[in-house]
Number of protein chains: 2
Amino acid sequence: MTAQSILEAALFHFARDGYEGASLRAIADEVGIKKPSIYAHFSGKEDLFLHALAHAFQEVKRHTLEYFRDHAELALEARLKGVFPWFEQEYNANASARLMLRMSYFPPPGLYNEVMDLVHPFLDGMERSLNRLLQRAIRHGDLPLIPTEQAAIAFMTSLDGITVEIIYGSSSRYKRRLEAAWPVFWHGIHHLNEQAQKIVPEGETSS
Amino acid sequence: MTAQSILEAALFHFARDGYEGASLRAIADEVGIKKPSIYAHFSGKEDLFLHALAHAFQEVKRHTLEYFRDHAELALEARLKGVFPWFEQEYNANASARLMLRMSYFPPPGLYNEVMDLVHPFLDGMERSLNRLLQRAIRHGDLPLIPTEQAAIAFMTSLDGITVEIIYGSSSRYKRRLEAAWPVFWHGIHHLNEQAQKIVPEGETSS
DNA sequence: GTCTATACCCGGATAGAC
DNA sequence: GTCTATCCGGGTATAGAC
């Protein structure tokens, strides 16, 4: 079970100090073992890091699905908007969320591909789940007939834009953004069909 | 003029490798001097970093204002939407843009306050400029009467959300987001006045 | 599996000659 | 201002006893 303890400590340190900034000594100290003992469980810093990161993604995915499942009784808008304060809390409470975000933005230079192989499937999976959720809402009459895929991408974009302030701003800056940007998103997706008429030239049909 | 060369090399390395990852030796090598010679111009790594970062912010601010000035002939929507491809180009071409973004998201732990003293005024200044631009557009009849401050904040949020994909995604992922999120933003800000009626309860007035 | 001890390298920083 | 030489600390990693 030491392997599990090492992983958790590593998660915390990599999230706080970054890949280069984190030290194996500090991780070992926190677990209560000596530095070389780490090598009995992981082949080195890189190996430990990739295991920790994969674990972080798994955790965040699990928690996110839990959020949506546990708030199925909310109205669609409240359920979607609620993701933001929920994620702020998650970010402050869980090293997994912090590590995932940090490494998505700035992976260690030498591990770019390995990290992106975790990031992109995660984002794509979230987008697909969201897409399905919106389609269900339309079928239930909770949302007008809009292009759900586009709305899902726009939601992910808003999430990132607001999340950014959770990371590098204060709580008040994040709230300011949420209250300003949310109505824009929410009204925006309800009027998505208006654009088609503008873009498709008159009298033209899709080939 | 060596000080200037050191600053530029430092900018590049800090942007690529982060604060801890960048090494004074590599910077010195690029300039063509020896490591200790840096200390004739800067008191240490921290000092060099803060000078480079301040320079980066100054550069990005200057370039941004230039973009808006040089595209005054465009229609409002094209001018605003054009910020995104312009910024992608900027990010790929300029170490200043990369350093600014990276350090805004993940400042070196020990320099958090010093970095934020650069980040927040920059963001606030951009938001104010945008706000003024939207107000002018309303006066000229290019935009309906909407709360410009809210629209400005929402734009900055979209910018971050889409920019994120410039950083950690590919060019195709970024374009996908832009094309999905832009119409949502653009239609959204045109319908901002609708919300007030929904939120204020019937028969209630502000105390 | 875990320890002690240690090798090795590279980082930032300083001293002092030129 | 720039160099060579050096110090010190921290990092990763391994050898070998227990």
Side-chain angles (χ1 to χ4, degrees), chain A residues 1-56 95 99 102-103 106-115, chain B residues 1-56 95 99 102-103 106-115:
Chain A
M1 282 300 86
T2 13
Q4 190 62 26
S5 307
I6 295 172
L7 203 78
E8 280 166 27
L11 201 61
F12 183 84
H13 280 84
F14 282 130
R16 194 189 53 191
D17 304 326
Y19 180 76
E20 276 112 17
S23 90
L24 295 187
R25 184 203 307 276
I27 293 170
D29 281 357
E30 189 160 313
V31 178
I33 60 173
K34 298 299 168 185
K35 194 172 50 160
S37 303
I38 294 177
Y39 289 83
H41 303 274
F42 301 93
S43 73
K45 192 181 192 182
E46 201 174 299
D47 185 44
L48 176 57
F49 171 75
L50 289 174
H51 275 89
L53 188 62
H55 183 74
L99 182 65
R102 173 167 202 155
M103 291 310 146
F106 295 103
L111 298 173
Y112 183 83
N113 290 328
E114 288 86 344
V115 172
Chain B
M1 283 304 85
T2 12
Q4 191 62 26
S5 307
I6 295 171
L7 203 78
E8 279 166 27
L11 202 59
F12 184 84
H13 279 84
F14 282 130
R16 193 189 54 192
D17 304 325
Y19 180 75
E20 275 112 17
S23 87
L24 295 186
R25 182 202 308 274
I27 293 170
D29 281 357
E30 189 160 313
V31 177
I33 59 174
K34 299 297 169 186
K35 191 171 55 158
S37 304
I38 293 176
Y39 289 83
H41 302 274
F42 299 93
S43 73
K45 193 181 193 182
E46 201 175 298
D47 185 44
L48 175 57
F49 171 75
L50 289 175
H51 274 89
L53 189 62
H55 183 74
L99 182 65
R102 172 164 203 158
M103 291 309 145
F106 296 103
L111 298 172
Y112 183 84
N113 290 327
E114 288 86 344
V115 172

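On a predicted model such as this, the values are computed, not experimentally measured, just so you know. A, B, ... follow the sequence lines: proteins, then strands. Residue 1 opens every chain.
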Residues in side-chain contact (heavy atoms from CB on, under 4.5 Å) contact with [X], at least two apart in sequence or another chain:
X	answer
B:H55	B:Q4, B:L7, B:L11, B:E59
A:Y39	A:L24
A:D17	A:H13, A:A22
A:S5	A:V31

When rounded to the nearest 0.5 angstrom, what is the spacing between CD1 in B:I27 and CD1 in B:I6?
9.0 Å
Give, for atom CZ of B:F14 and atom CG of B:L50, the distance between the pair rounded to the nearest 0.5 Å.
9.0 Å
Using five base pairs at each end, measure the axis-to-axis angle across the helix from C:dG1-D:dC18 to C:dC18-D:dG1 and round it to 10 degrees.
0°
Under 3.5 Å, which donor-acceptor pairs link side chains of residues 106-114 of chain A to any protein atom two or more places apart or in another chain?
none

Do you know the tightest heavy-atom contact between [X] and [Y]?
X	Y	answer
A:A95	A:A15	O-CB, 3.7 Å
A:Y19	A:M103	N-CE, 3.9 Å
A:I38	A:A28	CD1-CB, 4.0 Å

Could you state the atom-to-atom distance from [atom1] of [X] to [atom2] of [N] in whole Å?
X	N	atom1	atom2	result
A:I27	D:dG10	CD1	P	16 Å
A:D17	D:dG11	CG	C1'	14 Å
A:I33	C:dT4	CD1	P	12 Å
B:M1	D:dT2	CE	C1'	17 Å

Quick one: is B:S37 getting a side-chain N or O under 4.0 Å of the D:dC3 phosphate, OP1 or OP2?
yes
Could you run down nucleotides 6-13 of chain C 5' to 3' and tag each one B, S or - for protein heavy-atom contact under 4.0 Å?
-----SBB
According to side chain to side chain donor-acceptor pair (under 3.5 Å), does anything in residues 21-35 of chain A pair up with another residue at least two apart or in another chain? List the pairs.
none
Under the side chain to side chain donor-acceptor pair (under 3.5 Å) test, which residues partner B:D47, sequence neighbours left out?
B:H51
Under a 3.5 Å distance rule, please check whether A:R102 uses its side chain to pair with a backbone N or O of A:R16 as donor and acceptor.
yes
Looking only at side-chain atoms of B:K34, point me to the closest of C:dT2, D:dG1, D:dT4.
D:dT4
Positions of residues 47-54 of chain A (non-hydrogen atom under 4.0 Å from DNA chain C), listed by number:
none
Can you check nucleotides 16-18 of chain D for protein contacts, nitrogen or oxygen pairs under 3.5 Å, and list what you find?
none

